[in-house]
Amino acid sequence: WDGLMKKTLIILLLLLSFNLNAFEVKGFKGGMSYDEVVTKAKSQSWHLKSFADVKNTYDIKNQKDITELNISLCESNKKVYWLSYLGDAENFHIYPKLILNYEKQGFRIYDTSVYSNIGYDGSEHNSMDIIMRSNSYDYEIGLNLYSTDKHGVSNYQIIFSYDKNNYCND
């Protein structure tokens with residue numbers, strides 16, 4: 001019995017450590033193959049739409065044709081190495097809470113940047129970007145808060161990504 005418990009505990013720890021290094025949003029995980037992504041999307045009555053100008057990058061759209069997620073696949077093995085989703089940030093407090101939440105999971109701020117520019121439509125676009133990394137995870141998290149002065153748009157974007165050069169070269 002004691003040996004069986006040790007084996008079970010070791011297997012659980014191995015599975016847990018494996019799963020900790022894969023990001024997951026809405027059932028879509030880092031490392032999923034293209035076929036797994038399509039199957040998962042179809043199981044929710046969603047579909048993929050490829051970007052016209054970016055190879056191996058897709059919107060995952062719901063039944064109303066609204067984008068739920070964006071993903072990018074490695075060219076070599078066709079596995080998800082990058083995933084992002086958007087949220088409404090009209091209440092600014094969500095952004096600091098996201099940072100604090102990821103800090104509780106062991107991520108630390110690695111880099112920050114602030115941008116402001118005038119878009120082609122004449123409106124002002126502003127963003128604050130934070131990159132977070134952890135010694136315990138194989139991926140990094142990008143948190144972007146952006147807004148425009150036109151129409152009062154204010155959103156946040158969360159990006160999970162493996163290092164493409166290391167992850168996609170197998």
Item checked: Qualifying residues under side chain to side chain contact (heavy atoms under 4.5 Å, CB included), relative to Thr57, sequence neighbours excluded -> Phe51, Val54, Ser72
Check: Do you reckon Val114 sits in the same ILVMFWY cluster as Ile99, going by side-chain contacts under 4.5 Å, direct or chained?
Finding: yes
Checklist line | Test log, rule ring pair (Phe, Tyr, Trp, His ring centres under 6.0 Å), inputs Tyr139 and Phe107 | finding: CA-CA 10 Å; Tyr139 58 90; Phe107 286 87; 5.7 Å; yes
Margin query: Listing request: all salt bridge (charged side-chain N to carboxylate O under 4.0 Å, His left out) pairs with a residue in residues 31-48, at least two apart in sequence or in separate chains.
Written below: none
Next item on the list: State, yes or no, whether a side-chain contact exists between Ile158 and Tyr156 at a heavy-atom distance under 4.5 Å.
Entry: yes
Notebook entry, point to check: Side chains of Ile71 and Ile60: closer than 4.5 Å at any heavy-atom pair?
Noted result: yes
Next item on the list: Output the rest of the hydrophobic cluster of Tyr110: all Ile, Leu, Val, Met, Phe, Trp and Tyr residues reachable through side-chain heavy-atom contacts under 4.5 Å, sorted by chain and number.
Entry: Ile131
Notebook entry, point to check: Could you give the distance from CZ (Arg133) to CG (Asp111), rounded to the nearest 0.5 Å?
Noted result: 8.0 Å
Next item on the list: Could you give me the CA-CA distance, side-chain angles and deciding distance for His47 and Asp65, then say whether side chain to side chain donor-acceptor pair (under 3.5 Å) is met?
Entry: CA-CA 8 Å; His47 63 278; Asp65 210 35; 3.0 Å; yes
Notebook entry, point to check: Just by modelled atom types, is the Lys61 backbone N or O under 3.5 Å from a matching donor or acceptor in the Asp59 side chain?
Noted result: no
Next item on the list: Rounded to the nearest 0.5 Å, what's the gap from OG on Ser127 to CG on Asn155? Could you check?
Entry: 12.0 Å
Checklist line | Ser76 (side chain) donor-acceptor with Cys168 (main chain) under 3.5 angstrom | finding: yes
Next item on the list: Please check if atom CG in Asn101 has more than 12 non-hydrogen atoms from other residues, nucleotides or ligands closer than 6.0 Å.
Entry: yes
Checklist line | Ser116 vs Glu124, side chain to side chain donor-acceptor pair (under 3.5 Å): CA-CA, chis, key distance, verdict | finding: CA-CA 7 Å; Ser116 183; Glu124 183 177 354; 3.3 Å; yes
Check: Under 4.0 Å between a Lys/Arg side-chain N and an Asp/Glu carboxylate O for Glu68 and Lys26?
Finding: yes
Margin query: Could you measure the distance from the CG atom of Asn77 to the OH atom of Tyr34? Nearest 0.5 Å is fine.
Written below: 15.0 Å
Checklist line | Gln157 and Ser84: CA distance, side-chain angles, deciding distance, side chain to side chain donor-acceptor pair (under 3.5 Å) verdict | finding: CA-CA 7 Å; Gln157 178 182 30; Ser84 86; 3.2 Å; yes
Next item on the list: Return the orientation label for the Phe23 and Phe160 ring planes: parallel under 30°, perpendicular over 60°, tilted otherwise.
Entry: parallel
Item checked: Interatomic distance, Leu98 atom CG to Met132 atom CE [nearest 0.5 angstrom] -> 9.5 Å
Margin query: To the closest 0.5 Å, what do you measure between CG (Asn56) and CH2 (Trp82)?
Written below: 13.0 Å
Checklist line | Leu69 side chain near Phe28 side chain, heavy-atom distance below 4.5 Å | finding: yes
